[in-house]
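Per chain, numbering begins at 1; letters A, B, ... match sequence-line order.
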Protein chains: 2
Amino acid sequence: MYMENGSSNALKPMDSEQLREHGHRMVDFIADYYKTIESFPALSQVQPGYLHNLLPDSAPDQPETLEQVLDDVKEKILPGVTHWQSPSFFAYYPANSSVAGFLGEMLSAGLNIIGFSWISSPAATELEMIVLDWFAKLLNLPDQFLSKGNGGGVIQGTASEAILVVLIAARDKVLRSVGKSALEKLVVYSSDQTHSSLLKACQVAGIHIENCRMLKTDSSTDYALCPESLQEAVSKDLEAGLIPFFLCGTVGTTSSTAVDPLAALGKIAKSNEMWFHVDAAYAGSACICPEYRQYIEGVETADSFNMNAHKWLLTNFDCSLLWVKDQYALTEALSTNPEFLKNKASQANLVVDYKDWQIPLGRRFRSLKLWMVLRLYGGETLKGYIRNHIKLAKDLEQLVSQDPNFEVVTPRIFSLVCFRIAPVDNDEKKCNNRNRNLLEAVNSSGKLFISHTTLSGKFVLRFAIGAPLTEEKHVLEAWKVIQEEASYILASQVK
Amino acid sequence: MYMENGSSNALKPMDSEQLREHGHRMVDFIADYYKTIESFPALSQVQPGYLHNLLPDSAPDQPETLEQVLDDVKEKILPGVTHWQSPSFFAYYPANSSVAGFLGEMLSAGLNIIGFSWISSPAATELEMIVLDWFAKLLNLPDQFLSKGNGGGVIQGTASEAILVVLIAARDKVLRSVGKSALEKLVVYSSDQTHSSLLKACQVAGIHIENCRMLKTDSSTDYALCPESLQEAVSKDLEAGLIPFFLCGTVGTTSSTAVDPLAALGKIAKSNEMWFHVDAAYAGSACICPEYRQYIEGVETADSFNMNAHKWLLTNFDCSLLWVKDQYALTEALSTNPEFLKNKASQANLVVDYKDWQIPLGRRFRSLKLWMVLRLYGGETLKGYIRNHIKLAKDLEQLVSQDPNFEVVTPRIFSLVCFRIAPVDNDEKKCNNRNRNLLEAVNSSGKLFISHTTLSGKFVLRFAIGAPLTEEKHVLEAWKVIQEEASYILASQVK
């Protein structure tokens, strides 16, 4: 026991030499995990409730050893892990872990400061401002998003939190002028491809769900939001006495990487005094490459812009980057000023207190990992990393389109390929069932993990390339498994 | 470059041997930090904007080395860090880092999974359910909070998020029966000592601020909420046609660790069909000790209960534990079900999908660190850890009360001592100024960091003991600095 006698080798709450010894052991454990990661099924194959019988009913009274815990991690936890870092993980969108991102997480956990206000750790606030400026320049965002004026960037946990805070800023801005009781008249616009986090943010913020216009898209625009249908919806709502106040455009939708036409949408938002938010959670990473920057053209018309460094840019989860042009819209909606947090620097308005830019009070030192990713890789390496994945996706798209059993459903733009077993005799229902079965079959193999979506009623397979360890061979092996499983399904259907 | 040739020693996005090598280097850096932590001023002494001129204006194009980055951490970042892990950090409430918590963060960052749904990493969901049950048993929470029935626990990022999600669950529950347009009639109750996160949650959720009853407390109840004043306020609101729907009780307020009388408050909540939330963010940790369990007596009347393992229970930030009796109240308010996340296990209702218990979609594997803390220390060591801090605080309270220059302002209950330089000639204004100056003086010394609050107009110093490295000598040294600085101030005032 650490208190009764110092001679025992029981683990102390904190001790530099015990941290060193156990930390080295943990580094080896994690390095070994990455060394053997291809031996695990990409998608966990356990059944619901599997862990309950493997662990005791209550916490131990007495300390156990790290070796006991690591043995349990190997035997009991890892079988239940879906390996997002596997090179054969192609589901959802990627969630990168990198050497630099991992080191940044270690350092952040080691310092373990809580950066709610400037004073509570000045470096945390100031590094965040600087690194968000760096990143804005990588993306060539307009100067209004930089920290030197009224704008600035902030790290949120997730894109869901980013969209919630700007929705609330926009809500309160309009309610300050029209009065609180107008809440039920506020209308939100986006396409039906917009991420579900927008609707959730509306639920949280008390926006009436019947005032959320999820405008229909189809293949004629490759599932991008059509400015004409936005204009039409806005006009109709204005006529009905409602108050359009928030528009969300997406660059790289979750289903199929559709890109909304930002400039045209922004124009409509501006002429109707709506807040225009751009969600580039996934595809924003690609836009650091000059040749993909075109997809965020029009971002200068936006009030806020969000991208997730924790998806496809080597920064461990969570690290969602949000920029706003008017930081005061955020702080007017989200500030608190309890006595126990008052301090000279804040009272004198000399500093940014990020607690007023977000939902939680506490916040981790997340800028460290982004800073380390940017410095340990450098901009050119990051661009090369993105280009490599996009090339792999382009090659896969080619292979799919050459196989008569398959069809590419929407044109690939970034590193996501949307495809399916092609319909036979125009029977869409059977076609959907075949693809559902194919998804089940390839994921049950454990050899890869892909996910799905629906587009205009079609059940579509999503193959998203973006894990740091993914190489050409992993894509080719995965494609082979998909082809084989499809052959079985098509053969059995024929009978 | 990692893609063009593997022979270069440039850092790859992910590589087990590079992670091993650099990870070991980082472990040593962090262990050395803890070894030398007493050489840093507890509160950073930098000026606003200090970092701007020390770092370049943009991210590097080419990779830099870990040594370059670590040199910058030492020279540029650490001076701007307020060292929450310093044994002389007594401000706010503690934010513990421990060997076990740090190891848990490493493992979580290493696996880097996103646990939004059961399928996205079954072990993450199942371990969280199990460990929250373990912890509920340590606290002797009623069975209704365990996962086997309709209740269960979940890890939120912070207490702010915990209170926001239950507020929204409660809001939507009542609005489902009285209709959405009744939003402006909903009334929230708490004491004026309740954490600012409640008011912020109300702002976010669209509860009208004039319907937030922050009921006045004073020294007659040691700043606890008085059931009679709650009953009176509720009756008055009912008469006015308003709808009381949410009550927040606190066990261990931020200003002075006041403990609201849960059983009596819960009774009023129940008879008025209000949601009763208990915020024990700080003091909940103490309640794992049987002799302090009394302070959450009455928790059986609550609908939800929250405590932060990341404050005083050796679990690195963030790890805020929330239990609810009715998980469906949460999921009815916070569920989303986009096609791209649909899967057999979820559709069949066989599993918990924690995305529907929280604001964000993505979530880290935070149960790992809590599991490791509970196993590597064991319940008895954790209780000893808490008892040790409380004993140190008790001793300090004794010292303060023996010094005629000082007075203890509220009786110490846990490990926070609230005190001040005593007033001379009943001059409260001068007394406040002296204490303000004392705060400034001791914090500018760099030798310790304490914070402040106000209670009934008195400027009060808060000395919160709870850092893992804090020993008796650190408390005594800090007290000596406070006494000395107070002598200077009192002497100069006399002149």
Side-chain angles (χ1 to χ4, degrees), chain A residues 13-14 16 18-20 23 26-27 30-31 34-35 44 46 48 51 58-64 77 80-82 84 95 97-99 103 105-106 109-110 112-114 121-123 126 134 137 158 160 196 200 206 316 336 338-340 350-351 360-362 374-375 378-380 453-454 468, chain B residues 13-14 16 18-20 23 26-27 30-31 34-35 44 46 48 51 58-64 77 80-82 84 95 97-99 103 105-106 109-110 112-114 121-123 126 134 137 158 160 196 200 206 316 336 338-340 350-351 360-362 374-375 378-380 453-454 468:
Chain A
M14 178 50 75
S16 61
Q18 288 186 331
L19 181 142
R20 194 186 309 272
M26 186 60 92
V27 165
I30 294 168
Y34 279 101
K35 201 170 175 176
S44 170
V46 299
L51 192 56
S58 56
D61 280 336
Q62 299 305 321
E64 300 181 68
I77 303 297
V81 166
T82 292
W84 287 65
S97 173
S98 69
V99 178
L103 295 172
E105 282 285 359
M106 281 178 72
N112 202 51
I113 60 91
I114 314 292
S121 236
E126 298 200 10
W134 284 13
K137 289 173 190 170
T158 59
S160 309
S196 55
K200 183 155 175 171
N316 291 46
T336 56
E339 183 64 36
F340 55 86
L350 293 171
V351 293
L361 173 58
L374 292 174
R375 292 188 64 179
E380 287 309 310
T453 189
T454 54
Chain B
M14 180 48 77
S16 61
Q18 288 186 332
L19 180 142
R20 193 186 308 271
M26 185 60 91
V27 164
I30 293 168
Y34 279 101
K35 201 170 176 176
S44 170
V46 299
L51 192 57
S58 56
D61 281 338
Q62 298 304 324
E64 299 181 69
I77 302 298
V81 167
T82 291
W84 288 65
S97 173
S98 69
V99 177
L103 295 171
E105 282 286 356
M106 283 179 72
N112 203 50
I113 61 90
I114 314 291
S121 236
E126 298 200 8
W134 284 12
K137 288 175 191 170
T158 60
S160 309
S196 56
K200 183 154 176 172
N316 290 47
T336 57
E339 183 65 34
F340 55 86
L350 293 173
V351 293
L361 173 58
L374 292 175
R375 292 188 61 179
E380 286 308 311
T453 189
T454 54

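- Using a 4.5 Å cut-off between heavy atoms, B:T82 touches chain A through backbone and side chain atoms alike.
- Looking at residues two or more places apart in sequence or on another chain, you find a side-chain contact (heavy atoms from CB on, under 4.5 Å) between A:P468 and A:Q85, A:N96, A:L314, A:Y385, B:P13, B:M14.
- Interface residue B:S160: only side-chain heavy atoms are found under 4.5 Å from chain A.
- Looking at B:V46, both its backbone and its side chain come within 4.5 Å of chain A, counting heavy atoms on both sides.
- B:K35 touches chain A through backbone and side chain together, each having a heavy atom under 4.5 Å away.
- For the options A:V81, A:V351, A:L350, heavy-atom pairs under 4.5 Å to chain B are most numerous at A:V81.
- The backbone N or O of B:L361 sits nowhere less than 3.5 Å from a side-chain atom of A:T158 that would complete a donor-acceptor pair.
- Most heavy-atom pairs under 4.5 Å with chain A, from the set B:I30, B:L19, B:I77: that is B:L19.
- Interface residue B:S97: backbone and side-chain heavy atoms are both found under 4.5 Å from chain A.
- By number of non-hydrogen pairs under 4.5 angstrom with chain B, the leading residue of A:S58, A:G379, A:G362, A:S196 is A:S58.
- When each of B:T454, B:T336, B:D61, B:L374 is scored by its heavy-atom pairs under 4.5 Å with chain A, the top score falls to B:D61.
- Rounding to the nearest 0.5 angstrom, the gap separating the CD1 atom in A:I113 from the CH2 atom in B:W84 is 8.0 Å.
- Using a distance-only test at 3.5 Å, with no hydrogens or angles considered, a donor-acceptor pair links the side chain of B:N112 to the main chain of A:A95.
- By the salt bridge (Lys or Arg N to Asp or Glu O under 4.0 Å) test, B:E126 is found to be paired with no residue, residues two or more places apart in sequence or in another chain being considered.
- Among the candidates B:K137, B:M106, B:E105, the residue making the largest number of heavy-atom pairs closer than 4.5 Å to chain A is B:M106.
- Of the listed residues (A:A59, A:P338, A:G206, A:S44), the one with the most heavy-atom contacts under 4.5 Å to chain B is A:A59.
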